[in-house]
2 protein chains.
Amino acid sequence: MSAEVSTRRQLTRDRLMAAAMVLFAERSVQAASVEEICERAGFTRGAFYSNFESKEELCLEIVRQRGEQLVLTTQEALAAIPEAGLTQNTLDEVLAKILVLFDAGFSLDEHWVLIRGELRLYSYRMPGFRPALLEVERRATELALAAISETLTRQGATLRIPLAELMPVMDAYCERARMNEILTGSPIGGWRQGLEHLLRALVVLPA
Amino acid sequence: MSAEVSTRRQLTRDRLMAAAMVLFAERSVQAASVEEICERAGFTRGAFYSNFESKEELCLEIVRQRGEQLVLTTQEALAAIPEAGLTQNTLDEVLAKILVLFDAGFSLDEHWVLIRGELRLYSYRMPGFRPALLEVERRATELALAAISETLTRQGATLRIPLAELMPVMDAYCERARMNEILTGSPIGGWRQGLEHLLRALVVLPA
DNA sequence: TGTATCCGATACAGTCATGTATCCAAACCG
DNA sequence: CGGTTTGGATACATGACTGTATCGGATACA
């Protein structure tokens, strides 16, 4: 198994996964037939079954890939924030960091909001798939929480709710707000303001 | 069209809808075939197509029914709360009211959490279906918000976020928390504590 | 340059869901 | 009590997806 071949294989895998994600968002995981996925990727079913055992395995692969991406882009984005930046006050810095997190990792772009919803429900029905999804979400949350808490303590700010609940609250709110924007066709980005309100309410600034 | 016949018809419609809801939760809206729904309801496809034009219309009917139910049970539950009850302090009363709302109407029971997620995604793909779903959610939110705001002002309490955002935040959080309980198999009810934390953080008691 | 291997295409058989068209039984009405 | 209407069952034709088994071409390697 030379590197060249392996590369080619990886390329078709990637194309299949990319096509799958688009279709998962557009038509749902279940409704997206293997054939459709292949067609969109420019292959036939032969390629699919040569690369994946089933649609479930493809989903697993997608989630795994997504998990790594999430960690990488998040770390990257966080690293790009200047240590004690241009921001005026404590809250601004916390907010900035959180916005970065959500922009970078927690995928509020249309496709991912939909796919996330899809995969959550999918995982309910595919027990073999559930652990992978939960693990990815856990790791992402952990990472985000660490970044936020670090900023908070450095700034001497505290929270009005337990730290561990901060991410669930914000994450759930943002995703839902984004979903509403998608469904109602309202201008996107309103979730940012909502998030800011929420944060102003939850963070206690140092005296 | 005598009343008797109409009654019978309504009965089979109800059975079909009930069966559909169970299957929607278990296997998703798309995966639940018309045949399966009929089978579970004790009919054949003939009955289905005699009563509904398509699965989409069935979904519409379910949402409509759900909307009415939601309003009724919510009003009922709210009415059952003693005006200025047994509760010790302001926050308790607000919290109690909100818990009642979520218990009664916002369907944190397993089936409805799943179905809600299903229908949201379904509505993304069935534009004809979307308005109905959004309208139901809007009405329910409105109702809940009115009840909460009334209690707040009566008690002289205020919020740290705009009133209009209170429901989205709480609703999204509770639904997500409940979903997590379902997926992880963790003991149910944790969302209540989370909700209480959230509320304590968001409500400002009168001086 | 010839040969083995790898990878994706093609062909095929089987399953399942859909929607319609027809049929039968029971309830209703005169 | 007999005809008519209503509601649901049955039968059928069709189409789509799945998974496998086989084939062919390109690539790597000797």
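Computed from a predicted model, the values in this text were never measured in an experiment. Heavy atoms only: backbone and side chains are in, while hydrogens, waters and symmetry mates are out. Residue numbering restarts at 1 for every chain, and letters A, B, ... go by the order of the sequence lines.
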Paired to D:dG24 by Watson-Crick or G-U wobble criteria (both distances under 3.5 Å) is C:dC7
### Check: B:E26/A:Y124 side-chain N/O donor and acceptor closer than 3.5 Å
no
A:D14 CG to C:dC7 C1', in whole Å, measures 16 Å
TODO: Using distance alone, with no hydrogens and no angle criterion, decide if A:S28 and B:Q30 have a side-chain donor and acceptor under 3.5 Å apart.
DONE: yes
A:F52 CZ to D:dG19 C1', in whole Å, measures 16 Å
Start with the C-alpha distance between A:R116 and A:D171, add both sets of side-chain angles, then the distance that settles salt bridge (charged side-chain N to carboxylate O under 4.0 Å, His left out), and finish with yes or no. CA-CA 12 Å; A:R116 228 181 145 189; A:D171 188 20; 2.7 Å; yes
To the nearest angstrom, the CZ-C1' distance between A:F48 and D:dT18 comes to 11 Å
Rounded to whole Å, the OH-P distance (B:Y49 to D:dA13) equals 18 Å
From CG of B:L11 across to C1' of D:dT6 the rounded distance in Å is 16 Å
Rounded to whole Å, the CD-C1' distance (A:E53 to D:dT20) equals 13 Å
>> Any donor-acceptor pair under 3.5 Å linking the side-chain atoms of B:E165 with those of A:Y173?
In response: yes
Note: contacts of residues 21-46 of chain B with DNA chain C (heavy atom, under 4.0 Å) are B:S33, B:V34, B:E35, B:R45
(request) Give one of base, sugar-phosphate or nothing for B:S54, where a contact means two heavy atoms less than 4.0 Å apart. (result) nothing
Applied to residues 8-65 of chain B, the ring pair (Phe, Tyr, Trp, His ring centres under 6.0 Å) test, sequence neighbours excluded, yields B:F48-B:F52
Original post:
Do the side chains of A:M17 and A:D14 get nearer than 4.5 Å, heavy atoms only?
Top reply: yes
> Counting only side-chain N and O atoms of B:N51, is one of them less than 4.0 Å from OP1 or OP2 of D:dG7?
Replying inline: no
Margin query: Does the plane of the ring in B:F129 sit parallel, tilted or perpendicular to the ring in B:Y122? Use 30° and 60° as the thresholds.
Written below: perpendicular
Here the distance between atom C1' of C:dA27 and atom CZ of B:R9, to the nearest Å, is 14 Å
When rounded to whole Å, the CZ to P distance for the pair A:R13 and C:dG8 reads 10 Å
**Message:** Can you tell me if A:T12 touches the phosphate of C:dG8, counting only side-chain N or O atoms and a distance under 4.0 Å to OP1 or OP2?
**Reply:** yes
